[in-house]
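Keep in mind the model is a prediction, meaning the values are calculated, not measured. Throughout, protein chains are lettered first and strands after them, A, B, ... in sequence-line order, and every chain is numbered starting at 1.
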Number of protein chains: 2
Amino acid sequence: MSISEIAKHLNVSKSTVSLVINGKAEKSRISKVLTKRVLDYIEEIGYKPNALAKSLATGKSRTIGLIVENIGDSFFGPIALYIEEYLRKYEYQVLYSSTMGNNKLAAEIIQTMIDKQVDGLILAPTDHIEKEVKRIVDSNTPIVLFDRKILGIDANYVGTNNYEASTTAIQHLLEQGYRNIGMVTINSQQPQMQDRLQAYLTTLDQHSLKPHVCLTSFSEKKEHGWKEIREWLDKNTHLDALYFSTNYLCVMGIKALQNLQNERQLAFITFDDHEIFELVQPPVSCIRQPLEKIAKSIVHMLVTQLTAKEKCIAEDIIPSELQIRKSSL
Amino acid sequence: MSISEIAKHLNVSKSTVSLVINGKAEKSRISKVLTKRVLDYIEEIGYKPNALAKSLATGKSRTIGLIVENIGDSFFGPIALYIEEYLRKYEYQVLYSSTMGNNKLAAEIIQTMIDKQVDGLILAPTDHIEKEVKRIVDSNTPIVLFDRKILGIDANYVGTNNYEASTTAIQHLLEQGYRNIGMVTINSQQPQMQDRLQAYLTTLDQHSLKPHVCLTSFSEKKEHGWKEIREWLDKNTHLDALYFSTNYLCVMGIKALQNLQNERQLAFITFDDHEIFELVQPPVSCIRQPLEKIAKSIVHMLVTQLTAKEKCIAEDIIPSELQIRKSSL
DNA sequence: TTGAAAGCGCTAACAC
DNA sequence: GTGTTAGCGCTTTCAA
């Protein structure tokens with residue numbers, strides 16, 4: 001049932017019906033009685049407007065594209081939930097996609113979403129996605145980057161204080177008396193990973209300590225990544241503490257630690273919390289990103305763009321907090 | 001840049017351009033040379049069709065609505081990822097929403113998705129959503145239910161063998177010699193939860209054993225649900241084993257077990273695996289649903305509906321597997 | 001081989 | 001106060 005059929009049935013024009021439906025009856029000085037007649041009929045037949053047609057006419061789809069690395073992941077999943085909830089308050093729905101770190105796929109996804117006329121985009125960039133992002137930014141489509149910043153592109157960004165938080169974590173390990181601190185991270189140029197690494201290197205250097213870095217290859221994340229870590233640990237028997245640059249590496253690390261040749265105990269701390277970190281033995285100390293705050297900031301920034309006349313670029317760095325549990329004591 | 005501007009620039013008609021773009025040039029016997037001229041120009045200006053307009057004209061949006069309880073959860077998150085990946089193979093994108101178990105919200109979400117003309121719906125039903133689902137089914141919009149079945153509605157469904165798998169799990173505990181087996185579940189009428197409960201009750205009855213059920217209230221899931229379990233455990237000191245009806249209850253249960261008054265050891269097993277269950281001590285035995293298979297089946301069923309002339313209802317029960325780790329030995 | 005024209009369902013400027 | 005009309009960008013039938 002469409003607006004013109006309603007109009008025909010009621011012997012009024014399409015625009016009258018449209019105005020009533022959109023609550024502009026008063027404003028357009030349509031008589032109360034006619035308004036009611038329209039409303040009643042709409043109610044009666046359970047008319048629902050076709051949002052697609054509306055979007056085509058208005059140029060607004062009330063849909064936001066959310067592109068993350070992996071929606072099933074313990075960082076992006078929860079953040080997607082919060083983003084969705086906040087966006088709902090502004091009556092936006094979410095079209096989502098996971099890139100699995102594949103930048104070719106990411107570019108494709110971005111294009112499809114643009115084709116579908118999303119009103120805005122929220123993106124956790126993959127490596128080598130600069131060109132596409134630049135195009136979006138230049139085309140004035142509202143976009144908010146999060147988790148990973150893209151250097152050299154002037155876009156909205158929400159992230160955390162990777163460097164400072166990492167420094168605090170390393171200092172905490174030092175305060176506990178550990179002196180042979182190793183770091184497990186992935187081989188990536190992503191700025192947030194570089195920040196975490198630099199914080200480690202710099203802090204150790206300030207204490208004249210020697211760094212030991214295990215660079216795992218991202219591709220092995222799922223399968224037997226933990227073996228890579230175990231081998232590295234077996235080669236570095238003098239280490240007494242570890243810093244993991246992200247929670248899934250820590251998850252693999254825990255597995256590696258449980259499978260060491262000799263029963264050494266190492267202290268450790270990781271970036272990013274995980275539902276399970278308070279359940280394992282020992283409970284895992286971590287640097288916790290405030291997911292809900294991050295989501296809130298992202299949505300706020302996007303909605304600002306969406307409603308603003310002129311474009312303004314913002315950056316919001318939301319500090320993470322050290323969550324000390326037993327693994328680092 | 002739109003199709004008519006291209007047509008104007010090239011001095012051809014809109015339809016010619018449209019036909020070329022959609023690869024129907026041959027079929028419509030448009031000359032190779034004209035075809036090439038159009039293609040070249042499109043390439044040159046980087047023309048991208050407006051998917052919204054296309055959808056309005058064709059009645060197909062190539063978008064599927066996915067409605068789950070919580071996208072950030074360790075069951076729905078990963079399954080959403082698989083669903084998305086399989087749907088991509090058929091060139092569908094996903095509009096998602098989390099209901100958080102709120103049926104009013106769920107109804108709203110369903111309506112918004114329908115308004116946006118999704119081609120099909122994948123739904124993990126909340127309680128009391130029967131009416132809405134019935135409406136969808138009656139309206140012939142392709143829909144696939146999963147995880148929870150709705151009794152009395154003839155809709156496509158993909159799930160697992162809750163009853164049989166649960167029985168196997170309980171029998172496993174019995175074989176290990178446990179005789180005082182309690183069950184922790186949520187207070188819900190959802191069929192899959194009822195099946196899991198019935199399997200427990202029946203199996204115990206067959207062995208003339210007395211059941212002990214801890215019915216937690218779902219609303220407390222997030223906060224201090226584990227305290228509810230601990231109190232129940234403190235009151236039931238004779239229990240020597242536990243069966244959890246779902247993984248997040250088990251997560252809470254682990255926390256409860258770690259905080260018992262006296263250091264009792266209970267064996268336990270749970271429905272649904274979790275990334276962390278092999279990392280905690282003891283590693284957790286579970287009934288594992290084959291998530292990828294489930295996702296694949298859902299998508300296959302949906303795509304079948306989408307392309308079928310006549311509608312056919314299917315049901316696919318994918319068996320879960322017992323994954324024995326140490327917690328139940 | 002190609003183009004004109006109607007239509008998908010809705011909005012909004014403007015005329016009556 | 002209410003209706004007319006011209007789009008939004010694309011598809012598709014039918015005529016030329």
Checklist line | Per-nucleotide protein contact string for nucleotides 6-16 of chain D, where B marks a base within reach and S marks sugar-phosphate only (heavy atoms under 4.0 Å, - for neither) | finding: -BBBBBB----

Grab the [atom1]-[atom2] distance between [X] and [N] for me, whole Å please.
X: A/Leu10; N: D/dG1; atom1: CG; atom2: C1'; value: 16 Å
X: B/Glu26; N: C/dT1; atom1: CD; atom2: P; value: 10 Å
X: A/Ile30; N: D/dT2; atom1: CD1; atom2: C1'; value: 7 Å
X: A/Lys60; N: C/dA12; atom1: NZ; atom2: P; value: 11 Å

Using a strict cut-off of less than 4.0 Å between a Lys/Arg side-chain nitrogen and an Asp/Glu carboxylate oxygen, indicate whether [X] and [Y] qualify as a salt bridge.
X: A/Lys296; Y: A/Glu292; result: no
X: B/Arg148; Y: B/Glu69; result: yes
X: A/Glu26; Y: A/Lys32; result: yes

Next item on the list: Scan A/Asp115 against the nucleic acid and name what it touches under 4.0 Å (heavy atoms): base, sugar-phosphate only, or nothing.
Entry: nothing

Next item on the list: Using the side chain to side chain donor-acceptor pair (under 3.5 Å) rule, take A/Lys116 and B/Thr63 through it: C-alpha gap first, then chi angles, then the decisive distance, then the call.
Entry: CA-CA 10 Å; A/Lys116 288 201 174 166; B/Thr63 302; 2.8 Å; yes

Note to self: Would the distance check show the side chain of A/Thr58 and the main-chain N or O of A/Lys60 forming a donor-acceptor pair, the cut-off being under 3.5 Å?
What the structure shows: yes

Notebook entry, point to check: Would you call the rings of A/His9 and A/Tyr41 parallel, tilted or perpendicular if under 30° counts as parallel and over 60° as perpendicular?
Noted result: parallel

